[in-house]
Amino acid sequence: MQVILKEDIINLGYTDDIVNVKDGYGRNYLIPNKKAVIASESAIKVLNENKKQRQHKLEKIRKDAEDFVAKLADVALTIKAKTSSSGTIYGSITNIQIAEELAKQGFEIDRKIIILKEPVKELGNYRATVKPHKEVAVEIPFEVVAEE
């Protein structure tokens, strides 16, 4: 079933994207929660007309995201974690801790736009991707060190 998304949904798509989903997911979750509408011919025509009218506004949003990414390009984080004697972290470092460290440096970022490629369970250097816009992303290096 094809649906038009009304909001960004992680690992599915962004607002106004036309995506294929399983019938049950679309009918039982996306449509009743007003997160999507069925992609009929008339809905697609309305979507295309709305996209034309919003093009200038979307360019400004993209430009703002690029400016934000330029500020984040020089950021390097150090995250302290409790470790065992062998250097393994108790638990793991998640996007929540990265968002908190960025907030300490003055960058208020929603944790949902921070992506880690693999779980961080040991001390060392890693990279996290921050994706404030569907076409704009930046990698932030961070180091995990043992808590004193």
Side-chain angles (χ1 to χ4, degrees), residues 1-39 43-44 47-48 50-51 54-148:
M1 140 184 258
Q2 281 194 328
V3 295
I4 301 171
L5 297 178
K6 295 217 169 223
E7 63 182 61
D8 295 349
I9 299 175
I10 304 295
N11 295 330
L12 183 60
Y14 297 95
T15 305
D16 294 337
D17 283 352
I18 299 174
V19 295
N20 287 320
V21 295
K22 293 193 177 189
D23 290 350
Y25 183 53
R27 292 188 201 287
N28 297 327
Y29 177 71
L30 293 175
I31 294 170
N33 290 326
K34 306 213 183 312
K35 294 179 183 281
V37 294
I38 295 175
I44 292 172
L47 171 69
N48 289 335
N50 288 343
K51 278 186 177 179
R54 286 185 296 172
Q55 191 63 33
H56 180 68
K57 183 179 176 183
L58 294 175
E59 282 298 318
K60 183 183 181 330
I61 291 170
R62 185 173 187 270
K63 176 84 169 91
D64 290 344
E66 287 175 350
D67 293 343
F68 183 68
V69 162
K71 292 177 188 173
L72 280 177
D74 299 332
V75 173
L77 303 175
T78 302
I79 299 174
K80 295 181 180 179
K82 293 183 181 179
T83 58
S84 66
S85 59
S86 64
T88 306
I89 297 173
Y90 292 119
S92 64
I93 302 298
T94 63
N95 53 358
I96 296 169
Q97 286 97 340
I98 295 170
E100 288 171 355
E101 285 296 319
L102 286 169
K104 288 178 186 175
Q105 293 191 15
F107 297 102
E108 290 296 324
I109 296 179
D110 184 15
R111 67 181 173 85
K112 294 176 186 171
I113 65 169
I114 300 172
I115 302 163
L116 292 170
K117 289 189 170 73
E118 76 264 349
V120 178
K121 296 183 183 251
E122 295 180 358
L123 300 177
N125 293 316
Y126 298 93
R127 298 181 89 65
T129 303
V130 176
K131 201 167 183 182
H133 187 269
K134 65 182 177 180
E135 298 171 0
V136 180
V138 64
E139 283 195 350
I140 297 176
F142 66 95
E143 182 180 9
V144 180
V145 296
E147 230 175 43
E148 296 291 321

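Heads up: numbering here begins at 1 and tracks the sequence.
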Please enumerate all residues that pass side chain to side chain contact (heavy atoms under 4.5 Å, CB included) together with [X], with sequence neighbours excluded.
X	value
I38	M1, R27, I31
Y29	Y25, N33, K35
E147	K80, K82

Exercise for the section: Count the heavy atoms of every other residue, nucleotide or ligand shown that sit under 6.0 Å from CZ of R111, and state whether that count exceeds 12. Expected result: no
Drop me the distance from [X]'s [atom1] to [Y]'s [atom2], to the nearest 0.5 angstrom.
X	Y	atom1	atom2	answer
L102	I140	CG	CD1	4.5 Å
I115	E139	CD1	CD	10.0 Å
R127	L116	CZ	CG	12.5 Å
T83	I89	OG1	CD1	8.0 Å

Practice task
Say whether, by atom type as modelled, one donor and one acceptor occur between the side chain of Q97 and the main chain of T94 under 3.5 angstrom.
Solution key: yes
Looking at every heavy atom in both [X] and [Y], which two are closest together, and how far apart are they?
X	Y	answer
N95	I114	ND2-O, 3.5 Å
L30	I9	CD2-CD1, 3.5 Å
I98	A128	CD1-CB, 3.8 Å
A99	I109	CB-O, 4.0 Å
K121	S92	CG-CB, 3.9 Å
L12	V19	O-CG1, 3.8 Å

Exercise for the section: List the steps and the verdict of side-chain contact (heavy atoms from CB on, under 4.5 Å) for I79 and E100. Expected result: CA-CA 10 Å; I79 299 174; E100 288 171 355; over 6 Å; no
Exercise for the section: Sequence neighbours left out, what pairs pass ring pair (Phe, Tyr, Trp, His ring centres under 6.0 Å) with at least one residue falling in residues 115-148? Expected result: Y126-F142
Fill in the blank from the handout: Residue pairs meeting ring pair (Phe, Tyr, Trp, His ring centres under 6.0 Å), one or both in residues 84-108, sequence neighbours left out, come to none
Problem - Pair T15-L5, side-chain contact (heavy atoms from CB on, under 4.5 Å): steps then yes or no - result: CA-CA 5 Å; T15 305; L5 297 178; 5.9 Å; no
Exercise for the section: Just do the side-chain contact (heavy atoms from CB on, under 4.5 Å) check on K112 and D8 with the steps written out, would you? Expected result: CA-CA 11 Å; K112 294 176 186 171; D8 295 349; over 6 Å; no
Distance-only check: which donor-acceptor pairs under 3.5 Å involve side-chain atoms of residues 58-69, not counting sequence neighbours?
unit_1, atom_1, unit_2, atom_2, d
K60, NZ, D64, OD2, 3.1
R62, NE, E135, OE1, 2.6
R62, NH1, E66, OE2, 2.8
K63, NZ, D67, OD1, 3.2

